[in-house]
Amino acid sequence: MKVINDERLKIKNLKHIKVAFILETLGIMLILLWNFINNGARAVFDSPLFFLLILVSTVLCYMSLDISVEYDEIKSPKKSLIIHTVVSLIVSIGFGFIATLLGSNYAEGIILGIVFFICFFISSIYLYKLRSSKLKEFDQED
């Protein structure tokens with residue numbers, strides 16, 4: 001059997017995968033909404049479908065970062081990392097503070113702030129590495 005390398009067919013196949021992914025995500029969201037209406041929020045958070053939705057959304061966001069870095073015109077990835085770190089620290093402290101104001105104890109607020117900071121910091125490091133590698137490629141071309 002001969003392998004066909006037609007770009008139009010590859011693009012069409014990718015569009016089909018995109019539509020299937022959108023329908024799958026909408027289906028998961030509808031199932032979670034139905035579960036929320038019938039059983040409440042705790043049942044949604046305990047559902048494996050919620051974990052799957054969060055996991056797929058996170059992977060999609062990280063994969064989109066790779067594409068969006070190509071359009072960035074940032075001269076200094078290190079300065080951008082410092083700014084992202086400071087902003088993520090401020091947002092994390094804010095989330096922890098809001099959690100304590102809404103009735104959680106101080107330990108839960110601190111844990112929530114730390115978790116948010118780690119999540120934001122990991123994405124900042126990944127973005128820094130992507131921008132650094134792009135800058136190195138750009139410097140090698142010159």
Side-chain angles (χ1 to χ4, degrees), residues 3-142:
V3 177
I4 300 174
N5 289 327
D6 189 358
E7 294 295 323
R8 293 175 294 146
L9 293 177
K10 288 181 182 179
I11 290 172
K12 189 174 184 178
N13 190 30
L14 287 173
K15 287 180 182 178
H16 290 182
I17 292 171
K18 178 181 161 183
V19 169
F21 176 75
I22 290 170
L23 289 175
E24 179 182 12
T25 304
L26 286 175
I28 290 172
M29 291 173 78
L30 287 174
I31 291 170
L32 289 174
L33 178 66
W34 177 78
N35 204 2
F36 175 75
I37 291 170
N38 290 330
N39 303 324
R42 177 54 54 197
V44 172
F45 296 134
D46 291 341
S47 173
L49 286 178
F50 181 74
F51 177 72
L52 178 66
L53 183 67
I54 297 299
L55 180 70
V56 169
S57 300
T58 304
V59 169
L60 182 63
C61 288
Y62 276 105
M63 289 169 51
S64 296
L65 277 177
D66 190 27
I67 294 170
S68 66
V69 165
E70 295 297 324
Y71 294 107
D72 281 348
E73 294 185 14
I74 292 179
K75 304 289 187 230
S76 174
K78 188 177 260 187
K79 182 179 176 183
S80 175
L81 176 66
I82 292 170
I83 291 171
H84 282 166
T85 303
V86 169
V87 169
S88 65
L89 185 63
I90 292 170
V91 168
S92 300
I93 290 171
F95 275 123
F97 185 69
I98 290 171
T100 56
L101 288 178
L102 293 177
S104 298
N105 59 22
Y106 291 113
E108 290 175 353
I110 290 172
I111 290 172
L112 182 70
I114 290 171
V115 167
F116 270 98
F117 178 73
I118 289 171
C119 291
F120 286 131
F121 190 67
I122 288 172
S123 63
S124 298
I125 293 291
Y126 181 66
L127 196 59
Y128 169 75
K129 289 185 184 270
L130 288 174
R131 287 177 175 160
S132 295
S133 64
K134 180 187 169 200
L135 192 62
K136 285 179 186 176
E137 288 176 10
F138 184 72
D139 288 342
Q140 289 177 355
E141 290 177 2
D142 288 342

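From a predicted model like this one, the values you see are computed outputs, not experimental measurements.
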Q: Is it the case that over 12 heavy atoms from other parts of the model lie below 6.0 angstrom from the CZ atom of Phe51?
A: no
Q: Under the side-chain contact (heavy atoms from CB on, under 4.5 Å) test against Phe50, which residue among Ile28, Asn35, Val44 passes?
A: Val44
Q: Pick out which of Ile93, Ile122, Thr85 makes a side-chain contact (heavy atoms from CB on, under 4.5 Å) with Phe117.
A: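 Exactly one option meets the side-chain contact (heavy atoms from CB on, under 4.5 Å) with Phe117, and it is Thr85.
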Q: Is any side-chain heavy atom of Phe121 closer than 4.5 Å to a side-chain heavy atom of Leu89?
A: no
Q: Quick one: CD1 on Ile114 to OG on Ser92, what's the gap to the nearest 0.5 Å?
A: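 The distance works out to 9.5 Å.
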Q: For the atom pair CG (Leu14) and CD (Glu7), what is the distance rounded to the nearest 0.5 Å?
A: 9.5 Å
Q: Side-chain contact, heavy-atom cut-off 4.5 Å: Glu108 with Asn105?
A: yes
Q: To the nearest 0.5 Å, what is the distance between CE (Met63) and OG1 (Thr58)?
A: 12.5 Å
Q: For Ile11 and Arg8, run side-chain contact (heavy atoms from CB on, under 4.5 Å): C-alpha distance rounded to whole Å, both residues' side-chain angles, the deciding distance at 0.1 Å, then the answer.
A: CA-CA 5 Å; Ile11 290 172; Arg8 293 175 294 146; 5.9 Å; no
Q: Walk me through whether Val91 and Phe120 qualify under side-chain contact (heavy atoms from CB on, under 4.5 Å).
A: CA-CA 9 Å; Val91 168; Phe120 286 131; 3.6 Å; yes
Q: Output the distance between atom CH2 (Trp34) and atom CG (Asn38), rounded to the nearest 0.5 Å.
A: 5.0 Å
Q: Rounded at 0.5 Å granularity, tell me how far OH in Tyr128 sits from CD1 in Ile82.
A: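 Reported to 0.5 Å precision, the distance equals 9.0 Å.
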Q: Are the side chain of Ser57 and the backbone N or O of Leu53 linked by a donor-acceptor pair below 3.5 Å?
A: yes
Q: Could you go through Ile125 and Leu81, starting from their C-alpha distance and side-chain angles, then the distance that decides it, and tell me whether this counts as side-chain contact (heavy atoms from CB on, under 4.5 Å)?
A: CA-CA 7 Å; Ile125 293 291; Leu81 176 66; 4.1 Å; yes
Q: Could you walk me through whether Ser133 and Lys129 pass side-chain contact (heavy atoms from CB on, under 4.5 Å), step by step?
A: CA-CA 6 Å; Ser133 64; Lys129 289 185 184 270; over 6 Å; no
Q: Are Phe36 and Leu32 packed together at the side-chain level, in the sense that at least one heavy-atom pair is separated by less than 4.5 angstrom?
A: no
Q: What distance separates Ile22 CD1 from Ile17 CD1, expressed to the nearest 0.5 Å?
A: 12.5 Å
Q: For Thr100 and Gly109, which heavy atoms make the closest approach, and how far apart are they?
A: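 Looking at all heavy atoms of both residues, the shortest contact is CG2-CA, 3.9 Å.
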